[in-house]
Asks: 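Before we start, here is the structure in question, set down as structure tokens.
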Amino acid sequence: MKIATWNVNSLKVRLPQVLDWLAANPVDALCLQELKLPDDRLPLDALREAGYHTAAAGQSTYNGVAVLSRQPGRDVLRNIPGFDDAQQRLLAVTLDSPCGEIRIISAYCPNGQSLESDKYPYKLAWFAALRDHIEQELARYPRLALLGDFNVAPEDRDVHDPVKWEGQVLVSAPERAALQALIDLGLHDAFRLFDQPEKSFSWWDYRQLGFRRNAGLRIDHILLSDALREHCVSCAIDKEPRRLPQPSDHAPVIAELGCA
DNA sequence: ATGGTAGACATTCTA
């Protein structure tokens, strides 16, 4: 079973790339972020013709998350229960696999903008609410994968220039602590289960030739519960879509679970 | 210290 995550920065613009990518990478589930489309404008027909069911929490202009899957997802949950939020940032589905049912969750964590912004405390509050929610989800679904754009680079090796970025948003100690609190529930960064090239990143700023200079951050992650970690046989970032004309600023991340 | 690019919407906000 293969699962993946991709912040597409507008599904409207990136739909052809998503369809091409799925044809070349026929994963069982693809979590998407930054759809920037309301529910009634999602390209459900095109995705169905490509062989995928769509469960989504859409939103016009900003945010919006989805899980595309070969089999229809069930027990669809939108947003974080009890966390009052107009921004569509979380979507969970349950899928069947040979090792039992798996909870797949697509997350678009807040960016935070800067440490001085009012979006920064919102980001930390969102992470705290996510932590409490995932704790409950883990109790019900021991085989759980949380995939998405976390907008946090966990360690300095996930940052192209740690000195320049020190203390900045996406890297600051409170954000890293918030991500670690989530991981401390019993999750594992699938990417770091394996040897990886140095300077591996998943996001590069559109500005200042960020991709060409590999001036990036690793902020897109696949977090696996203990029960899934033992089945994970690979995890990689696919930089190819970032090389295309009119790319998303993020690259997909794929993990393979040996239970299928 | 500033602005650089991209997307959506409407000329500014978010990332």
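We name chains A, B, ... by the order of the sequence lines, and we start the count at 1 in each one.
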Asks: May I ask you to say what Ser60(A) touches in the nucleic acid, namely base, sugar-phosphate or nothing, with a heavy-atom cut-off under 4.0 Å?
Replies: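 Contact class for Ser60(A): sugar-phosphate only.
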
Asks: Go nucleotide by nucleotide along DNA chain B from the 5' end; which of Pro110(A) and Pro38(A) gets its closest nucleotide reached first?
Replies: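 The answer here is Pro38(A).
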
Asks: Looking at CZ of Arg89(A) and CG of Asn63(A), how far apart are the two atoms once the value is rounded to the nearest 0.5 Å?
Replies: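 Reported value, rounded in 0.5 Å steps: 4.0 Å.
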
Asks: By a strict heavy-atom criterion of less than 4.0 Å, which residues belonging to residues 155-169 of chain A are in contact with DNA chain B?
Replies: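 Correct list: empty, so none.
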
Asks: Considering heavy-atom distances to DNA chain B, does Leu37(A) or His250(A) have its closest nucleotide positioned more toward the 5' end?
Replies: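 Residue closer to the 5' terminus by nearest nucleotide: Leu37(A).
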
Asks: Under 3.5 Å, which donor-acceptor pairs link side chains of residues 195-203 of chain A to any protein atom two or more places apart or in another chain?
Replies:
from      : atom 1 : to        : atom 2 : distance (Å)
Gln196(A) : NE2    : Phe191(A) : O      : 2.8
Gln196(A) : NE2    : Cys235(A) : O      : 3.0
Ser200(A) : OG     : Pro197(A) : O      : 2.8
Ser202(A) : OG     : Ile219(A) : N      : 3.1
Ser202(A) : OG     : Asp220(A) : N      : 3.0
Ser202(A) : OG     : Asp220(A) : OD1    : 2.7
Trp203(A) : NE1    : Asp249(A) : OD2    : 3.2

Asks: Yes or no on side-chain hydrogen bond (donor to acceptor under 3.5 Å, both in side chains) for Ser172(A) and Tyr120(A), after CA distance, side-chain angles and deciding distance?
Replies: CA-CA 11 Å; Ser172(A) 74; Tyr120(A) 186 77; 2.8 Å; yes

Asks: By the 4.0 Å heavy-atom rule, please label Tyr108(A) as base, sugar-phosphate, or nothing.
Replies: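 Touches sugar-phosphate only.
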
Asks: With a 4.0 angstrom cut-off to heavy atoms of chain A, pull out the first and last contacting nucleotide of DNA chain B, in 5'-to-3' order.
Replies: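 First and last nucleotides in contact are dG3(B) to dA15(B).
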
Asks: Can you tell which of Leu146(A), Leu228(A), Leu147(A), Leu144(A) makes a side chain to side chain contact (heavy atoms under 4.5 Å, CB included) with Leu223(A)?
Replies: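 For Leu223(A), the side chain to side chain contact (heavy atoms under 4.5 Å, CB included) check succeeds only for Leu146(A).
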
Asks: Quickly, which of Arg74(A), Glu101(A), Arg103(A) forms a side chain to side chain donor-acceptor pair (under 3.5 Å) with Thr94(A)? Name it, please.
Replies: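 Output: one option passes, namely Arg103(A).
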
Asks: If the C1' atom of dT2(B) is compared with that of dA10(B), how far apart are they to the nearest Å?
Replies: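 Nearest-Å result for dT2(B) against dA10(B) at atom C1': 25 Å.
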
Asks: Give me the distance, rounded to whole Å, that separates dA1(B) from dT11(B) when you measure between the C1' atoms they each carry.
Replies: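 Looking at atom C1' only, dA1(B) and dT11(B) are 24 Å apart.
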
Asks: When you compare the side chains of Glu34(A) and Asn7(A), does any donor N or O come within less than 3.5 Å of an acceptor on the partner?
Replies: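 Indeed, the side chains of Glu34(A) and Asn7(A) share at least one donor-acceptor pair under 3.5 Å.
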
Asks: Is Arg243(A) atom CZ crowded by more than 12 heavy atoms from other residues, nucleotides or ligands, each under 6.0 Å away?
Replies: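 Yes, because the 6.0 Å sphere around CZ of Arg243(A) holds more than 12 heavy atoms from other groups.
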
Asks: Could you measure between the two P atoms, the one in dC9(B) and the one in dA15(B), and give it in whole Å?
Replies: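 15 Å, rounded to whole Å.
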
Asks: Assess whether atom CD of Glu166(A) is packed by more than 12 heavy atoms of other residues, nucleotides or ligands within 6.0 Å.
Replies: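 Open: at most 12 neighbouring heavy atoms sit under 6.0 Å from CD of Glu166(A).
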
